[in-house]
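Whatever order the structure lists them in is the order used to number ligands and atoms, beginning at 1.
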Amino acid sequence: MLLSGKARLAGVLGWPVAHSLSPRLHGHWFARYRIDGVYVPLPVRPEDLELAFRALPRLGFLGWNVTIPHKERAFALVDRRDAAAERTGVVNTVLVHPDGTLEGRNTDGAGFLAHLRAEYPDFVPATALVLGAGGAARAVAFALLEAGCAQLRLCNRTSARARALAADLARLFPDRVLVCDWPPPPAALSDLALLVNATSLGMTGQPPLLLDLAPLPAGAIVADLVYVPLATPLLTAARARGLRVLDGLGMLVHQAVPGFAWWGGRVPEVDEELRRCLLEALEAPARTGLSVH
Ligand code: ATR
């Protein structure tokens, strides 16, 4: 680490924050580009969040990421937000502008798309099915429609949440959103270009997502946002069927790029070396309950 008195400062706010992979991720980039900077875990209790948002710019921080349980409250604590944050109600990245104002961004949806395009440059956004209706599903659904997805199907255990998300999506993208029953019927899978699991099913400690993938067309891509474990039962089943897959680590990495570009001062590369560094951290024993930031 090359730290001087002028070191660039950034970090991740969470409670708890010990599980976060972000210090490893941003630390890798700082070291790799030999940048005079540091990215630290910031354990901040919910009752101290507002205080932290006021103090960090005055301490010289250029920005920070926000993780569980602060992402919704961070939305209210910034001075302005990008379109993705406005649509999702969630802020995962905060940039401190030179005048001290705070910009909140949600980079999850763009991160998902960047990963998808990097892995499958030939992907054509035709029909997609998103399972889930939480913050992650919301970010991915908006991003897919913005990317030109012709029809987006939504499916969630609590159908009222899927309908509420569909109504929000339809305001911007009319006639392209459809709500399906949970679990999705085979007919909802038979013409898909992309299936995305944005529920917590399949995560360590949660039940698996039990879905018969037989109706999916041969060229379909199966994506899972869960990355603990990296080989979820859904992805294992998709591989066994010979389908193309997208694992959850890619979105984690790609969503971090805009933040680092701001506080690191250069757009970082996403490559195999970085992936290896994170896999090593993921494979360390006693590492469970990781979150996206
Ligand atoms: P995030 O913001 O990370 O997306 P979330 O808002 O807690 O997290 O959303 C979790 C998603 O996983 C929801 O879609 C949830 O479904 P409900 O809206 O019905 O709660 C889904 N989920 C969690 N446990 C589930 C289970 N056992 N079966 C089906 N869906 C489940």
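Ionic pairing of Asp191 and Arg153 is present here: one or more N-O contacts between side-chain nitrogen and carboxylate oxygen are shorter than 4.0 angstrom.
Polar contact with ligand 1: absent for Thr199 (N/O pair, distance under 3.5 Å). For the pair Thr158 and ligand 1, the shortest N or O to N or O distance falls below 3.5 Å. Taking only nitrogen or oxygen atoms, main chain and side chain alike, Asn156 reaches within less than 3.5 Å of ligand 1. Ligand 1 has an N or O atom lying under 3.5 Å from an N or O atom of Ala133, backbone or side chain. At a 3.5 angstrom cut-off on N or O pairs, Gly135 counts as close to ligand 1. At least one N or O atom of Ala136 sits closer than 3.5 Å to an N or O atom of ligand 1.
Counting protein heavy atoms only, atom 20 (O) of ligand 1 is closest to Arg157 NH2, 2.8 Å. From the protein, the heavy atom lying nearest to atom 9 (O) of ligand 1 is Gly134 CA, 3.7 Å. Closest to atom 7 (O) of ligand 1 among all protein heavy atoms lies Arg161 NH1, 4.9 Å.
Checking side-chain atoms of Asn106 against main-chain N and O of Asp108 turns up a donor-acceptor pair under 3.5 Å. The backbone N or O of Leu235 lies less than 3.5 Å from a partner atom in the side chain of Thr232, making a donor-acceptor pair. The backbone N or O of Ala52 sits nowhere less than 3.5 Å from a side-chain atom of Asp48 that would complete a donor-acceptor pair.
Annotation: cation-pi geometry not satisfied between Arg8 and Phe30 (NZ/CZ under 6.0 angstrom from ring centroid, within 45° of ring axis). A cation-pi arrangement is found for Arg81 relative to Phe75, the charged atom lying closer than 6.0 Å to the ring centre and inside a 45° cone about the ring normal.
The protein reaches atom 4 (O) of ligand 1 closely, with a heavy atom under 4.0 angstrom from it. Atom 16 (O) of ligand 1 is flagged as protein-proximal [any protein heavy atom, distance under 4.0 Å].
Both Val130 and Ile221 belong to a single network of hydrophobic side chains, linked directly or stepwise wherever heavy atoms of I, L, V, M, F, W or Y lie under 4.5 Å apart. Placement of Phe260 and Leu25 within a single hydrophobic cluster is found when ILVMFWY residues are connected by side-chain heavy-atom separations under 4.5 Å, directly or transitively.
Neither the backbone nor the side chain of Val90 has any atom closer than 4.0 Å to an atom of ligand 1 (non-hydrogen atoms only).
The option from Cys155, Gly202, Ser200 that lies nearest to atom 22 (N) of ligand 1, judged by heavy atoms, is Ser200.
Of the listed residues (Leu234, Leu246, Asp247), just one forms a side-chain contact (heavy atoms from CB on, under 4.5 Å) with Val222, and that residue is Leu234.
Those atoms of ligand 1 with a heavy atom of Gly132 less than 4.0 angstrom away are 14 (O). Close approach of ligand 1 to Trp182 is summarised as follows: ligand atoms under 4.0 Å from at least one heavy atom of the residue are 29 (C).
Remark: Asp271 CG is packed, more than 12 non-hydrogen atoms of other residues, nucleotides or ligands lying under 6.0 Å away.
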